[in-house]
Structures are given as C-alpha cells and as structure tokens.
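Just below is one structure, and these are the notes that go with it.
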Amino acid sequence: MSDHPSRPIDEEVAAEIKRLHKRHPKLGRHGLLEALKQSAIYVDLDELERFMRANRIKAKRGWRPLRWLGAPSWLGGSADVAHANLNIPGGHDDDGN
C-alpha cells in the first residue's frame with residue numbers, strides 16, 4: 001500500500017496523462033504511473049489501465065529488425081535468403097542473379 005491516497009482520474013488528471021503520453025509515447029502503464037508520481041499525482045494502476053484502454057492510449061513500440069529466415073552465414077547459409085523470401089529488392093531471383 002502506498003503512503004499517498006490515490007485520486008480519481010478527473011479532467012485535470014486525464015489532461016496530464018494525455019500530455020505525458022504525447023510527450024513520451026513509449027511509456028506504458030507502469031511508466032506513466034511513475035511519471036504521474038513524479039508530478040505528485042497518485043492514481044490507482046487498475047484505474048489508469050481502464051482509462052488508457054477507454055481512451056486507446058498505448059505505448060508506441062520501438063523499432064525491431066526483421067528476423068532472418070535462413071541459416072546464418074557461419075553455418076553455410078546465405079544472408080540473401082531473407083531478401084529472396086520477403087521479395088525485398090536486392091535479393092536473388094530464380095536465376096541466381
């Protein structure tokens with residue numbers, strides 16, 4: 001249990017949540033909760049989750065590279081396998097060109 005009483009999400013708190021999300025789009029519910037605590041706004045995690053779901057607020061996912069589909073080159077595979085399978089320019093066609 002926290003030392004601070006949690007406050008309901010009213011218009012003022014909702015505006016702060018939306019402002020924080022716009023400023024830090026990669027923060028999820030726990031990150032937003034911590035950012036709110038740093039602003040001396042204490043809300044219940046379950047209520048924050050419901051608010052985020054109701055307002056379609058989601059953390060922006062970071063960039064991740066595509067997975068290679070073939071065996072790694074050190075196992076005798078070709079790095080171009082992924083390009084050929086995904087139809088990405090730069091891969092080899094059926095002629096091997």
Side-chain angles (χ1 to χ4, degrees):
M1 190 83 184
S2 67
D3 297 336
H4 303 281
S6 60
R7 102 188 230 199
I9 298 180
D10 55 8
E11 290 181 20
E12 180 184 344
V13 176
E16 181 66 13
I17 292 170
K18 290 176 183 178
R19 185 190 69 78
L20 285 170
H21 176 67
K22 188 173 184 176
R23 189 167 186 190
H24 307 285
K26 291 185 179 183
L27 288 181
R29 61 185 183 268
H30 294 287
L32 279 175
L33 187 66
E34 287 301 315
L36 288 168
K37 285 180 183 178
Q38 290 177 6
S39 300
I41 299 173
Y42 300 93
V43 297
D44 183 45
L45 179 60
D46 294 332
E47 189 174 357
L48 178 62
E49 288 174 351
R50 282 191 297 273
F51 176 81
M52 290 176 70
R53 235 185 336 265
N55 289 280
R56 296 182 178 159
I57 297 174
K58 287 187 175 182
K60 180 180 176 185
R61 295 194 63 164
W63 177 85
R64 292 187 181 185
L66 293 174
R67 293 186 179 193
W68 292 100
L69 300 177
S73 59
W74 52 270
L75 282 177
S78 172
D80 291 331
V81 171
H83 293 291
N85 289 341
L86 295 175
N87 295 324
I88 297 174
H92 295 294
D93 54 19
D94 294 335
D95 302 335
N97 295 326

Distance from [X] atom [atom1] to [Y] atom [atom2], nearest 0.5 Å?
X	Y	atom1	atom2	answer
Lys60	His24	NZ	NE2	14.0 Å
Glu49	Asp44	CD	CG	8.5 Å
Ile9	Leu36	CD1	CG	8.0 Å
Glu16	Leu32	CD	CG	10.0 Å

Hey, does Phe51 have a side-chain heavy atom less than 4.5 Å from the side chain of Lys18?
yes
What closest approach, in Å, do [X] and [Y] show between heavy atoms, and which atom pair accounts for it?
X	Y	answer
Lys58	His21	O-CE1, 3.0 Å
Arg7	Val13	NE-CG2, 3.5 Å
Met52	Gly28	CE-C, 4.3 Å
Leu33	Leu45	CD2-CD1, 4.0 Å

Short N-O contact, Arg50 and Glu47, less than 4.0 angstrom:
no
Are Tyr42 and Leu27 linked, directly or through intermediate hydrophobic residues, by side-chain heavy-atom contacts shorter than 4.5 Å (ILVMFWY only)?
no
